[in-house]
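What follows is one structure encoded as structure tokens, with my remarks underneath.
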Amino acid sequence: MDLVEETPYRFRIDRHDPMRVPGVVFASRDLMPDLGTDKSLAQVANVAALPGIVAASYAMPDLHWGYGFPIGGVAATDVAADGVVSPGGVGFDISCGVRLLAADLDLAGLRPVLDPLMDGLDVAIPRGMGKGAVWQLTGRAQLDEVLRGGSRYAVEQGHGVERDLHRCEDYGAVSEADPGQVSGRAVERGQGQVGSLGSGNHFLEVQAVDQVYDERAATAFGLRTGQVCVMIHCGSRGMGHQICTDHVRVMETVMPRYGITVPDRQLACAPVSSPEGRGYLGAMAAAANYARANRQLLTESARRVFDRVTGCRLDLVYDISHNLAKIETHGVDGGRRELCVHRKGATRALPSGHPDLPDDLRAVGQPVLIPGSMGTPSYVLTGVPDAPAFASTCHGAGRTQSRKQATTSIRGQDLRRQLEAHNIAVRGASWRGLAEEKPEAYKDINAVVDAAEGAGLCRRVARLVPVGVVKG
DNA sequence: ATGTCC
């Protein structure tokens, strides 16, 4: 397999059997995974073999190895041409995503109360494996409301304000959720986790706007230099994980019936229009709403702590997923086609003028929220017109080391000391979990964003620096 | 990512 450099930030994997389309990797040479030792580029080629795939199998600059599909992958299939949907193209953490809140407070005003604020968040943000959650559901009926209503249901129940929904992707809820496609085991796992961070790379971070690159867009997003922000990164917990597991199993068994063969069994899939394809999309949408309600409830917890300690408000800038499949209409070969766009570790990035944007953002574009690794900057970007890859960009720094590998060279205690020496407060859940997230285990977020912008996928709006991190 | 293998 050869990588052909087309431009400084765009590489092509030429089509070879059984690929139906080429692979396209948006990255610099420095960010490119090693062809000899890393399997993620082979995964880009594998995805290109999916039935109905159009244009190319795309990879973002934060590309790394994942289950079947690479993380940082984008693949669109043509619904009318027997295109497939694959749970592996969304990932186990369905609708994992990022939410950014802006405080009416500057960093200088926060410093004197940072410790009590972090202590308050430490108590208010449930996190870690098998821990409790903000919301105690009354039973299956209420969980179904969460699965159908997402952030909208949380707001209806008093956890947030109507304005929040205007700053959420899909206005807070995906409409096609089908709780009937959610197994009893998924329900059982999801019941006690609504309003919890989870673990791994999930976090709630207090940040400050460090630099603004685009004043007009930043102002429209509600951001200014020196401003305190809160970023929340979490997903659908055991609910999404179980749904992915359940539907991969179903698709493995029905693929022969549809005459589908794939180069890797982890690419299990079914036609979008088949009962199994529709079934997965209904369950996926339910998990997506679960993830959004999750972020809405954690928002309310953070707001209560901010109000008590600082007296300040937190306004929602935006909430966007980076693990989702969506039915979208795009131009393909001069015509408009209905596509199933899989984004796995890739963020939708709508340009200005897009009809799906709320009125107050349409003139500037969608806020694209990109968390860095722990202790490093995060970015706010926006979409650009006529971008490749179906209006998608990167989702974060992207791992270069496995979790196990990361823990061999540093202890969590030492990492916390390092971060605090850089004036970053830390409230962890486990020492091991902290060590797994050391910044050296990730690519350089600045280089990833440079490559994403250089490739024409998005445009920088603002940079945020960490002030205090509540780690899952 | 994940009751890190029902």
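By convention in this document, chain letters (A, B, ...) are assigned in the order of the sequence lines, proteins followed by strands, and residues within each chain are numbered from 1. All of these numbers come straight from a predicted model, not from anything done at the bench.
For the side-chain contact (heavy atoms from CB on, under 4.5 Å) test, residues two or more places apart in sequence or in another chain that qualify with D170(A) are V174(A), R292(A), K326(A). With sequence neighbours excluded, no residue forms a salt bridge (charged side-chain N to carboxylate O under 4.0 Å, His left out) with R148(A).
Sorted by first and then second residue, the pairs that involve residues 449-458 of chain A and meet salt bridge (Lys or Arg N to Asp or Glu O under 4.0 Å), not counting sequence neighbours, are D450(A)-R460(A), E453(A)-R460(A). Note on residues 171-193 of chain A: no pairs pass salt bridge (Lys or Arg N to Asp or Glu O under 4.0 Å), not counting sequence neighbours.
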Can you check nucleotides 3-6 of chain B for protein contacts, nitrogen or oxygen pairs under 3.5 Å, and list what you find?
from: dG3(B); atom 1: OP1; to: R189(A); atom 2: NH2; distance (Å): 2.1
from: dG3(B); atom 1: OP2; to: Q193(A); atom 2: NE2; distance (Å): 3.0
from: dG3(B); atom 1: N2; to: R189(A); atom 2: NH1; distance (Å): 2.8
from: dG3(B); atom 1: N2; to: R189(A); atom 2: NH2; distance (Å): 3.4

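Residue-level contact check: G91(A) touches neither bases nor backbone, having no heavy atom under 4.0 Å from any strand.
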Please tabulate, one pair per line, all N/O donor-acceptor pairs under 3.5 Å involving side-chain atoms of residues 59-70 of chain A, not counting sequence neighbours.
from: D62(A); atom 1: OD2; to: H395(A); atom 2: N; distance (Å): 2.8
from: D62(A); atom 1: OD2; to: H395(A); atom 2: ND1; distance (Å): 2.5
from: D62(A); atom 1: OD2; to: G396(A); atom 2: N; distance (Å): 3.0

